[in-house]
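Just so you know, residue 1 is the first one in the sequence shown, and it goes up from there. Side-chain atoms are counted along with the backbone in the values below, which use heavy atoms only and exclude waters and symmetry mates. The shown structure was predicted, so the numbers you read here are calculated from the model rather than taken from an experiment.
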Amino acid sequence: GVVGCAHDVADGGIAVALAEMGFPRGVGADIALPGTDRPDVALFGESGCRILVAVEENLVQEVTGRAKAAGVPCRLLGRSGGARLRIVDT
């Protein structure tokens with residue numbers, strides 16, 4: 001498959017989903033939140049129908065293209081790797 005792993009953000013938001021995806025594997029990430037006046041909502045908002053997916057870098061264009069073709073909003077948030085989870089508000 002194209003997707004390495006995926007996690008819903010319904011329980012704790014993006015921040016919790018990122019931690020649950022990476023920490024058990026000892027993998028961090030560098031994430032850039034889209035500009036917002038409420039970073040707490042961007043990080044911990046539990047709105048439904050959002051899923052984080054991790055794909056190999058060479059497959060990003062394919063995944064974003066498939067999402068667009070299906071009418072599914074898709075945004076690149078950053079890269080996984082390293083030992084720390086780093087989230088910055090852009």
Problem - Closest non-hydrogen atom pair between L85 and A15, with its separation - result: CD2-O, 4.4 Å
Practice task
Would you give the length of the straight line joining atom CD of E57 to atom CG of L76, rounded to the nearest 0.5 angstrom?
Solution key: 8.5 Å
Problem - Closest heavy-atom pair and its distance - L33, P39 - result: CD1-O, 4.4 Å
Practice task
Could you state whether L43 and F23 fall into the same hydrophobic cluster, counting links through intermediate Ile, Leu, Val, Met, Phe, Trp or Tyr residues with side-chain heavy atoms under 4.5 angstrom apart?
Solution key: yes
Practice task
May I ask whether V72 and L52 are part of the same hydrophobic cluster, defined by side-chain heavy atoms of I, L, V, M, F, W, Y residues being less than 4.5 angstrom apart, directly or through others?
Solution key: no
Problem - ILVMFWY network linking I31 to V27, side-chain heavy atoms under 4.5 angstrom - result: no
Handout entry: Residues D30 and R86 bridged, charged N to O under 4.0 Å
Key = yes
Practice task
Identify the heavy atoms of A19 and P24 that sit nearest to each other, and give their distance.
Solution key: O-CD, 3.7 Å
Handout entry: Close side-chain approach of M21 to C5, heavy-atom, < 4.5 Å
Key = yes
Completion exercise
T64 and Q61 have their tightest heavy-atom pair at OG1-O, 3.1 Å
Exercise for the section: With the side chain counted from C-beta on, respond yes when I14 and F44 share a heavy-atom pair under 4.5 Å apart, and no when they do not. Expected result: no
Problem - Donor-acceptor contact below 3.5 Å, side chain E46 vs main chain D11 - result: no
Exercise for the section: With the side chain counted from C-beta on, respond yes when L77 and I87 share a heavy-atom pair under 4.5 Å apart, and no when they do not. Expected result: no
Exercise for the section: Count the heavy atoms belonging to other residues, nucleotides or ligands that lie under 6.0 Å from CD of E56, then report whether that count exceeds 12. Expected result: no
